[in-house]
Amino acid sequence: MENKKWGLLILTTFVIGNMVGGGIFMLPAQLAQVSSPLGATLAWIVTGLGVFLIALVFGNLAVRKPELKAGPQSYAQSLFRSPTKGRVSGYSMAWGYWAANWAATASVIISFAGYLSTFFPVMHSTKVIYTTGSFNLELGKALTFAVCSIALWGIQAILVRSFNSAGKLNLVATVTKVLGFLFFIIVTIFIFDSSNLGNGAEFYDTAGTSISLGAQVNAAAISTLWAFIGIEAAVMLSNRAKSQNDVKKATILGLLIAVVIYIGITLLTMGAISQDDLKVSQKPLVDALQAVVGSNGTYLMAALAVISLLGSTIGWIVVASEVPYQAAKLDLFPTYFAKANKNGSPVRSMTITNIMTQIFLFSTISGTILEAYKFSMIVATLAYLIPYLVSTLYQLKLVVTGETYDFMKGSRSRDGIITILALVYSIWVIKTGTADMDTFKLGIALYVLGIVLYPLWMRKKA
């Protein structure tokens, strides 16, 4: 049975759902640790504009190259005239993006379990239930691992029976989260205190040194960038879209809605809680909501987080499994991944993808939920930046060569300016993101592993 094609609404909810995940619940506190309110606002604006440029690139490519429906990996392949170079480039991009999705999906599921623990405190139990050598397995960590695993494979069981149900489930979860965030924005307006914003631009590090506004923006931009990972969701699902114009519209519309949510929540939370309290807050949105509705705020925000993260988990599993599936159909990945069942679900791709995600979920056994989340997030960060850069380079190639502009309307000069600005932003973000050598090494390691496997996986194709 063939899947129904997804329209603008469903595609937009995938973009919003994949971007607005677990990160938003901790972002106000993370930003308060590295920037002033003005610095954080400018970081949102700079990052928002940069990602908007990338969104325009993705949207333009979806319309100008509708036959390239596998996203960055198909753009990477088309960068080269040589079939061999194109295949290696496309494979590397597919591998890197796929590997990043293992960690990203795991980080969302781990966050889901973290907020679910609000209703089940036993998930924080430190009671030791098993010991071997120097390793002690605590009850809380065992339960967290079990919850994460059940969520992962439970969603797969649903998608195997009906891949199209992912769109409906994600729609419900995304609409609920958007309404919930609007509620948060409205109620926190009543307790907004401008004095909590301090001097606006003034910020001191832990040593008491004054940090310039530019340095604040640079530091905050790393956190704000992570919030926009997922902007390419509609592009990655192009093959299941009714129209490539819907892909472009969904990418831009989803981004604009996410920006409004991000800036609104960040500024209102900073205005509801003093900067000193916000810097050490483990649940900034909960603390802000508690000031309005009392202790019930904890459960309201936790419920919103659980629904939000469940929707994000569905979206990430769909996108993560779609990457090798579409790549295999283009001969950029082993043909094993190109198999779909009678319901249109890429079962093999989804199963292997979720097995790799499961490996990252084992981090919940050895560390806290926060540690496990940070580990997964760091591994994924750099790996996502490369596909963005490659997509921009491919758009630049079209502008320079004039390909598609001879028969399709559009200003070549305007697209050229957008592409160059997007390229500059992408390079700047990579430079900023790789300032942390751990992030750099882990991100690059993902690509190196893929290159090592290429001769084995793609022997017949090489």
Margin query: Would Met350 and Ile317 count as a side-chain contact (heavy atoms from CB on, under 4.5 Å) here? Give the steps.
Written below: CA-CA 8 Å; Met350 194 184 307; Ile317 289 177; 4.3 Å; yes
Notebook entry, point to check: After noting the C-alpha distance and the side-chain angles of Met236 and Gln73, does the key distance pass the side-chain contact (heavy atoms from CB on, under 4.5 Å) rule?
Noted result: CA-CA 10 Å; Met236 301 305 298; Gln73 55 260 43; 3.7 Å; yes
Next item on the list: In sequence, state the C-alpha distance, the side-chain angles, and the governing distance for Thr392 and Gln395, and then conclude on side-chain contact (heavy atoms from CB on, under 4.5 Å).
Entry: CA-CA 5 Å; Thr392 305; Gln395 169 66 22; 5.6 Å; no
Checklist line | Test log, rule side-chain contact (heavy atoms from CB on, under 4.5 Å), inputs Phe14 and Thr174 | finding: CA-CA 8 Å; Phe14 269 111; Thr174 301; over 6 Å; no
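When all heavy atoms of Ile252 and Phe52 are compared, the pair lying nearest together is CG2-CE1, 3.7 Å. The heavy-atom pair separating Ser426 from Leu389 by the smallest distance is CB-CD1, 4.0 Å. Between Phe145 and Phe362 the shortest heavy-atom distance is CZ-CE2, 3.5 Å. Here the shortest heavy-atom pairing between Phe112 and Ala151 reads CE2-CB, 4.2 Å. Scanning all heavy atoms of the two residues, the minimum distance from Val235 to Gly71 falls at CG1-CA, 3.9 Å. The shortest non-hydrogen separation linking Val15 to Ala250 is CG2-O, 3.8 Å.
Here Lys249 pairs with nothing under the side chain to side chain donor-acceptor pair (under 3.5 Å) rule; sequence neighbours left out. With sequence neighbours left out, the side chain to side chain donor-acceptor pair (under 3.5 Å) criterion links Trp102 to no other residue. Legend: residues meeting salt bridge (charged side-chain N to carboxylate O under 4.0 Å, His left out) with Asp246, ordered by chain and number and at least two apart, are absent. Every residue two or more places apart in sequence or in another chain was checked for a salt bridge (charged side-chain N to carboxylate O under 4.0 Å, His left out) with Glu232, and none qualifies. Leu137 meets the side-chain contact (heavy atoms from CB on, under 4.5 Å) test with Ile129, Tyr130, Phe135, Ala142, Ile365; sequence neighbours excluded. Remark: Val34 pairs with Ala219, Ala220 by the side-chain contact (heavy atoms from CB on, under 4.5 Å) rule, at least two apart or across chains.
Side-chain contact between Trp428 and Val46: present, with at least one pair of heavy atoms (C-beta onward) separated by less than 4.5 Å. Contact check for Asn343 versus Val160: no side-chain heavy atoms found under the 4.5 Å cut-off. The closest side-chain heavy-atom distance from Thr269 to Thr188 is not below 4.5 Å. A heavy-atom distance below 4.5 Å is not found between the side chains of Thr353 and Met356. Residues Leu116 and Leu309 are not in side-chain contact: their nearest non-hydrogen atoms beyond the backbone lie 4.5 Å or more apart. For the pair Ile386/Tyr97, no side-chain contact is recorded, criterion being any heavy-atom separation below 4.5 Å from C-beta on. Between Ile231 and Met19, some side-chain heavy-atom pair lies under the 4.5 Å cut-off. Between Ile158 and Ser165, some side-chain heavy-atom pair lies under the 4.5 Å cut-off.
For the atom pair Ile10 CD1 and Leu171 CG, the distance stands at 4.5 Å (nearest 0.5 Å). Atom-to-atom distance recorded for Leu255:CG and Tyr262:OH is 9.5 Å, nearest 0.5 angstrom. Ser162 contributes atom OG, which lies 8.5 Å from atom CG of Leu169 (distance to the nearest 0.5 angstrom). The distance from atom OG of Ser238 to atom CZ of Phe58, rounded to the nearest 0.5 Å, is 10.0 Å. Interatomic distance, Leu396 CG to Ser391 OG, rounded to the nearest 0.5 Å: 12.5 Å. Rounding to the nearest 0.5 Å gives a distance of 8.0 Å between CG of Leu152 and OG1 of Thr105.
One side chain, Gln358 or Trp153, offers a donor N or O that lies under 3.5 Å from an acceptor on the other. Side-chain atoms of Lys65 and Ser74 include no donor-acceptor pair closer than 3.5 Å. Looking only at atom types and distance, the side chain of Thr47 has a donor-acceptor partner in the side chain of Thr224 under 3.5 Å away.
A donor-acceptor pair is defined here as one N or O able to donate and one able to accept, closer than 3.5 Å; such a pair exists between the side chain of Lys5 and the backbone of Asn239. Between the side chain of Gln216 and the backbone N or O of Ser36, at least one donor-acceptor pair lies under 3.5 Å. In terms of modelled atom types and a separation under 3.5 Å, the side chain of Ser321 and the main chain of Val318 share a donor-acceptor contact. Judged purely by atom type and a 3.5 angstrom limit, Asn170 uses its side chain to pair as donor or acceptor with the backbone of Thr13. Proximity of a side-chain donor or acceptor of Ser345 to a complementary backbone N or O of Asn341 within less than 3.5 Å is not detected. Remark: the backbone N or O of Asn18 is not paired with any side-chain donor or acceptor of Ser312 at under 3.5 angstrom.
Ring geometry for Trp95 against Trp98 counts as perpendicular: the plane angle is over 60°, on a 0 to 90° scale with 30° as the lower cut. Using a 30° and 60° split on the angle between ring planes, Tyr394 and Tyr75 fall in the parallel class, below 30°.
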